[in-house]
Amino acid sequence: MKIFDEIESEVQSYARSFPRVFNRTKGELMWDSDGQEYLDFLAGAGTLNYGHNNELFKAPLLQYIEDDGIAHGLDMHTKAKGEFLQAFNDNILKARSMEYIMQFTGPTGTNAVEAAMKIARNVTGQQNIVTFTNGFHGVSLGSLAATGNSHHRDAAGVSLTGTHRMPYDGYLGDDIDTTEYLDKVLSDSSSGINSPAAVIVETVQGEGGINVASIEWLKNLQAVCRKHKILLIVDDIQAGCGRTGSFFSFEEAGIEPDIITLSKSLSGYGLPLAVVLMKPELDQWKPGEHNGTFRGNNLAFITARLAIEHYWKDNRFADETKRKGQYISARLEKIVNQYGEGNFSARGRGMFQGINCVNGEIAGEITRRAFKKGLIIETSGADDHVVKFLCALIISDENLKKGIDIVEESIREVCAKEDIPEEVVYFRAS
Ligand SMILES: *Cc1c(COP(=O)(O)O)cnc(C)c1O
């Protein structure tokens, strides 16, 4: 379709990797306007953990619209919002003995991060926020200051301030615990690092290249925060909602963040919704101080409640995700060992996995070849050097296997330096 070239901005990115016009989608499958089938290993960059157009949510959502349910209500109390809050409190918070206040922000992840950083700054009276190398927290100015990627940062147009960058787990090699460095500079009044309001961290860095913080490192990070009376913000926008095998990505570490951000898969249906969870004593907002026309997307409340009630009422879904995650990591390890020769390495936790190809050219060639075989899969990382496996958590075992087979075949072709075929072989789900 010519219209995209004619008037859509150059800022497009995913559209460049997958230059088709998409029209229908279901579960882990997508179809273009010619009816060709694709297997989706991108899942809205982690927004579609429960798949596209999940049947469990679709009929109730349609019924809600049919019944003239509230679609937009600013932040007014609605039945849909109340029922979502109740389901979240019962199935997620209370079930984990967690006590948090929920704030609805504008419906994007970056807006939740902005709110989280404001809370930390306003409550502590400190400006500085510690962020980590390769962290990604969104692209509005406050969040962008916390984001590492220079491609995004360079577009700011103004100086990005109020943050201080520290090395993430593994940044200085496997043997160095970078929280010791953080502890050291915070203990030294001459380190030149202003006493921070908070630390903001992803437990697994998604956009940064599937960098996994160890459980030990996360525990140590919390201990350093407690020691220096700094708030701990976990940005669980991509790693949360089940991606790593538990609802929150930090559950395995047994830590208790002061503030948590959630978005992406929270609504369950790809509808925009973002929230901040904060310890009750941090809720010092004055009415309307942080607002947003679309805070509290009522259609998203319907599907978000159903997602929580259906998938998180017991451990079954989490266990299934862990099982599939183990399958993915076993397969990736095998692929890396077979074709790696030290060039590839596998990484990840749960169904948040990747293959580090060291350079972006090779990773890009792998994903381009995969797309020619009907697989939608992207790269991430500083140099787009990590092939990122982000399929829907509800994917069938069969399609999970087929998708990984396609990546394996693509890697084999790249290693054998085969020409990229002209012909496209579309995916066929059985
Ligand atoms: C995607 C993402 C964001 C930003 O969310 P948007 O909805 O794109 O603003 C923030 N933090 C993390 C960890 C993310 O993955």
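Each ligand, and each atom within it, is numbered from 1 in the order the structure gives. For clarity, every value in this text was computed on a predicted model and none was experimentally measured.
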Determine whether N399 and E28 satisfy the following criterion, side-chain hydrogen bond (donor to acceptor under 3.5 Å, both in side chains), listing intermediate values before the conclusion. CA-CA 8 Å; N399 284 335; E28 63 267 33; 3.0 Å; yes

Mind jotting down which protein residues get a heavy-atom contact under 4.0 Å with ligand 1? Chain and number order, please.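 T108, G109, T110, F136, H137, G138, E202, D235, I237, Q238, K264.
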
For the student: nearest non-hydrogen atoms of M351 and C391, plus distance: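 The pair with the smallest heavy-atom distance is CE-SG, 3.7 Å.
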
If the plane angle is over 60° it's perpendicular, under 30° parallel, otherwise tilted; pick one for Y311 and F317.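 Ring orientation of Y311 relative to F317: tilted.
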
To the closest 0.5 Å, what do you measure between CD (Q126) and NZ (K229)?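 If I round to the nearest 0.5 Å, the distance is 13.0 Å.
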
Side-chain H-bond candidate by donor/acceptor type, E114 with S140, under 3.5 Å: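 Judged by distance alone, the side chains do pair up.
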
Has K81 got a side-chain atom pairing as donor or acceptor with D75's backbone, closer than 3.5 angstrom?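 Yes; at least one donor-acceptor contact below 3.5 Å.
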
